[in-house]
Undergrad: 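The structure under discussion is supplied below as structure tokens; questions concerning it will follow.
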Amino acid sequence: MEPSLETSIGQIQLDRPVMLASGILGISLDVFKRLYLSGAGAVVTKSLSIEPWEGYPNPTILSVKGGGWINAVGLSNPGAPNFAKMIEPNKDVPIIVSLVGSIPEDFEMMIKQFEHCQVTAYELNLSCPHVAKVGLEVGDDPELVKKIVTAVKNSTNVPVIAKVGLGTSNYLNTVGTAIDSGIDAITAINTVRAMAIDAEIQRPILSNRYGGLSGTPIKPIALRCVYEISSKYDIPIIGCGGISTWEDAIEFFLAGASAIQLGSAIGDNWITVFHEINKGILQYMKRKDYSNIQEMVGLAKRS
Ligand SMILES: Cc1cc2nc3c(=O)[nH]c(=O)nc-3n(C[C@H](O)[C@H](O)[C@H](O)COP(=O)(O)O)c2cc1C
């Protein structure tokens, strides 16, 4: 029998396990449709705030010698109300709406905006490493994580995912707090706080000084986090960080992820990358005689 690419992340059912990560191409319904048709199982939107945010002045992104990117875009986005209007006509594409805010009320207000939209899940950005008072600064504060997750879970029946990253506190505690507060799944990880300095000008290159490292250099770190979370907690996990090939995808499944997200890899080749990874996963499953993704999830944890 032909293996199936279908996967479930708790209550979230997807036809294919590879999604678009937040912040990458994530602002237009047309682009979402094209990504879905080219093999993405779901798309995660740019993180949305209550009001539109302009983001930081240039330079906001640079490539790293040897691979990867450092970005400090500053969460520029059109704001949740405008974005909700834009995706309201959507009926076909599984859309995961990423939200960013500082207090529970921010998230509650944004969720109201999406009442008339078909939303597959919400992903709470508790991990952006380069904007003050949101993202990682929230993720690093367990009391705030508890209040936000509890408030969001009380305001919607749609599944809620927490996206975690590496901040100043132990991210595993953030995961534990989110689980205790009722979160449905975890995405791990966001970009890793980093910087670049220009030797001639003798100053940081990014206007914000600090940014987040993404792409192949963070893959082993992300893989370690997925393995650690799945070893410690019983929670569905979405792996993210440096994934660019089907082999990477399989490694994340084996570490404990039920689905994965692609960010930086989209920059190289967004037209065929989903299809290529799906094809490679299917061939691997045939070779190893697996009929579904769940059979592989967490296998690397066997002693
Ligand atoms: C330009 C850029 C913008 C991003 N914007 C967001 C964002 O708005 N929200 C978020 O949760 N993650 C954001 N991310 C992080 C990605 O979703 C992803 O977690 C990270 O890049 C690691 O995956 P990758 O190595 O496949 O890129 C952004 C990443 C990049 C490179």
Side-chain angles (χ1 to χ4, degrees), residues 7-14 19 21-22 42 44 47-48 96-112 114 119-129 131 133-193 221-241 252-253 255-261 294 297-298 301:
T7 192
S8 51
I9 306 128
Q11 310 244 352
I12 309 165
Q13 304 284 337
L14 298 181
M19 337 176 181
S22 176
V44 186
S47 291
L48 301 162
I96 297 178
V97 173
S98 170
L99 300 174
V100 68
S102 304
I103 51 172
E105 291 75 11
D106 291 347
F107 291 88
E108 287 167 335
M109 276 168 70
M110 284 190 277
I111 283 172
K112 279 209 187 88
F114 289 92
V119 174
T120 297
Y122 290 103
E123 186 180 83
L124 311 181
N125 179 346
L126 306 180
S127 45
C128 173
V131 179
K133 299 200 169 56
V134 296
L136 211 41
E137 287 193 17
V138 172
D140 268 335
D141 180 343
E143 265 313 299
L144 197 48
V145 169
K146 186 173 161 187
K147 284 185 190 146
I148 289 173
V149 174
T150 307
V152 171
K153 283 297 294 172
N154 283 335
S155 36
T156 179
N157 292 324
V158 171
V160 185
I161 307 161
K163 181 170 177 182
V164 300
L166 302 177
T168 51
S169 67
N170 184 347
Y171 78 100
L172 284 171
N173 294 337
T174 310
V175 172
T177 305
I179 295 171
D180 291 344
S181 314
I183 206 79
D184 297 287
I186 298 289
T187 298
I189 56 174
N190 208 309
T191 55
V192 178
R193 203 163 152 83
I221 302 172
L223 194 62
R224 181 264 294 183
C225 293
V226 169
Y227 190 92
E228 266 179 356
I229 297 168
S230 99
S231 302
K232 184 157 184 187
Y233 300 109
D234 183 15
I235 185 84
I237 305 169
I238 303 168
C240 179
F252 276 80
F253 297 142
S258 306
I260 55 153
Q261 295 178 356
Q294 292 305 323
V297 173
K301 289 182 294 173

Undergrad: Looking only at non-hydrogen atoms, find the nearest pair between Ala257 and Val226 and report the distance.
TA: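 Minimum heavy-atom separation between Ala257 and Val226: N-CG1, 3.7 Å.
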Undergrad: Under the salt bridge (Lys or Arg N to Asp or Glu O under 4.0 Å) criterion, do Glu228 and Arg224 qualify, and how do the steps go?
TA: CA-CA 6 Å; Glu228 266 179 356; Arg224 181 264 294 183; 3.1 Å; yes
Undergrad: Starting at OG1 of Thr7, measure out to CE of Met19 and round the result to the nearest 0.5 Å.
TA: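 Answer rounded to 0.5 Å: 8.0 Å.
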Undergrad: Any chance you could lay out the side-chain contact (heavy atoms from CB on, under 4.5 Å) test for Ser258 and Phe253, step after step, and finish with the verdict?
TA: CA-CA 6 Å; Ser258 306; Phe253 297 142; over 6 Å; no
Undergrad: Quick one: salt bridge (charged side-chain N to carboxylate O under 4.0 Å, His left out) partners of Glu105, sequence neighbours excluded?
TA: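 In terms of salt bridge (charged side-chain N to carboxylate O under 4.0 Å, His left out), with neighbours along the sequence ignored, Glu105 is linked to no residue.
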Undergrad: Should we say atom CD of Gln13 is surrounded by more than 12 heavy atoms from elsewhere, each under 6.0 Å from it?
TA: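 Yes, CD of Gln13 has more than 12 neighbouring heavy atoms, counting only those of other groups under 6.0 Å.
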Undergrad: To the nearest 0.5 Å, how far apart are CG in Asp234 and CD1 in Ile229?
TA: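 Atom-to-atom, Asp234:CG and Ile229:CD1 are 13.0 Å apart.
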Undergrad: Between Leu172 and Tyr233, does a side-chain contact (heavy atoms from CB on, under 4.5 Å) hold up when you go through it step by step?
TA: CA-CA 9 Å; Leu172 284 171; Tyr233 300 109; 4.2 Å; yes
Undergrad: Please name the pair of heavy atoms, one in Thr150 and one in Ser181, separated by the smallest distance, quoted to 0.1 Å.
TA: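 Looking at all heavy atoms of both residues, the shortest contact is OG1-CB, 3.7 Å.
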Undergrad: Are more than 12 heavy atoms, taken from residues, nucleotides or ligands other than Asn154, located less than 6.0 Å from that residue's CG atom?
TA: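 Yes, because the 6.0 Å sphere around CG of Asn154 holds more than 12 heavy atoms from other groups.
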Undergrad: Testing Ile186, Ile238, Asp184 for side chain to side chain contact (heavy atoms under 4.5 Å, CB included) with Ile161, which one passes?
TA: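 Of the listed residues Ile186, Ile238, Asp184, the side chain to side chain contact (heavy atoms under 4.5 Å, CB included) partner of Ile161 is Ile238.
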Undergrad: Report yes if some heavy atom in the side chain of Ile148 is under 4.5 Å from a heavy atom in the side chain of Leu124; otherwise report no.
TA: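 When only atoms from C-beta onward are counted, Leu124 and Ile148 do touch, with a gap below 4.5 Å.
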Undergrad: How long is the straight-line distance from CZ of Arg193 back to SG of Cys128, given to the nearest 0.5 Å?
TA: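 Those atoms lie 9.5 Å apart.
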Undergrad: Assess the side chains of Ser230 and Lys301: does a donor N or O sit below 3.5 Å from an acceptor N or O?
TA: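 The criterion, which ignores hydrogens and geometry beyond distance, is satisfied for Lys301 and Ser230.
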Undergrad: At what distance, to the nearest 0.5 angstrom, does NZ of Lys133 lie from CG of Asp106?
TA: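 Those atoms lie 12.5 Å apart.
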Undergrad: Is there side-chain contact between Val149 and Val145, with at least one heavy-atom pair below 4.5 Å?
TA: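 Of all side-chain heavy-atom pairs linking Val145 with Val149, at least one is under 4.5 Å.
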Undergrad: Could you check whether atom NZ of Lys112 has more than 12 heavy atoms from other residues, nucleotides or ligands sitting under 6.0 Å from it?
TA: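 No.
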Undergrad: Compare every heavy atom of Ala121 with every heavy atom of Ile12, then report the nearest pair and how far apart it is.
TA: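 In terms of heavy atoms, the two residues are closest at CD1-CB, 3.7 Å.
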Undergrad: Where the side chain of Tyr227 meets the backbone of Ala222, is there a donor-acceptor pair that is under 3.5 Å apart?
TA: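 Checking the backbone N and O of Ala222 against the side chain of Tyr227, no donor-acceptor pair under 3.5 Å is found.
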Undergrad: Specify the closest pair of heavy atoms between Ala162 and Leu126, including all atoms of both residues, with the distance to one decimal.
TA: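 Distance-wise, the nearest heavy atoms are CB-CD1, 3.9 Å.
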Undergrad: What's the spacing between Ser98 OG and Tyr122 OH if we round to 0.5 Å?
TA: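 It is 12.0 Å, given to the nearest 0.5 Å.
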Undergrad: Would you name the heavy atoms of Phe114 and Leu48 that are closest together and state the gap between them?
TA: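 Nearest heavy atoms, Phe114 then Leu48: CZ-CD1, 3.7 Å.
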Undergrad: For the atom pair OG1 (Thr187) and CD1 (Ile260), what is the distance rounded to the nearest 0.5 Å?
TA: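 Those atoms lie 12.0 Å apart.
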Undergrad: Looking at every heavy atom in both Thr174 and Ser169, which two are closest together, and how far apart are they?
TA: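 Scanning both residues, the minimum pair turns out to be OG1-OG, 4.3 Å.
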Undergrad: Could you walk me through whether Ile221 and Leu166 satisfy the side-chain contact (heavy atoms from CB on, under 4.5 Å) test, starting with their C-alpha distance in whole Å, then the side-chain angles of each, then the deciding distance to 0.1 Å, before giving a yes or no?
TA: CA-CA 10 Å; Ile221 302 172; Leu166 302 177; 3.4 Å; yes
Undergrad: With a 3.5 Å distance limit and no angle check, can you tell me whether Thr156 reaches the backbone of Lys153 through a side-chain donor-acceptor pair?
TA: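 Not confirmed, Thr156 side chain does not pair with Lys153 backbone.
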Undergrad: Regarding Ser22 and Glu123, do their side chains bring together a donor and an acceptor under 3.5 Å, going by distance alone?
TA: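 Side-chain D/A pair, Ser22 to Glu123: absent.
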Undergrad: Taking the side chain from Gln294 and the backbone from Ser8, do they hold a donor-acceptor pair closer than 3.5 Å?
TA: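 At least one qualifying donor-acceptor pair exists.
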Undergrad: Should Lys163 and Ile96 be marked as a side-chain contact (heavy atoms from CB on, under 4.5 Å) after you check the CA-CA gap, both sets of side-chain angles, and the distance that decides it?
TA: CA-CA 12 Å; Lys163 181 170 177 182; Ile96 297 178; over 6 Å; no
Undergrad: Please check if atom NZ in Lys146 has more than 12 non-hydrogen atoms from other residues, nucleotides or ligands closer than 6.0 Å.
TA: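 Check fails, neighbour count at 12 or below.
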Undergrad: Is it the case that the side chain of Asn125 and the backbone of Gly135 share a donor-acceptor pair, with hydrogens and angles ignored and the cut-off at 3.5 Å?
TA: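 Not at all, since once roles are kept as given, no pair shorter than 3.5 Å links the two residues.
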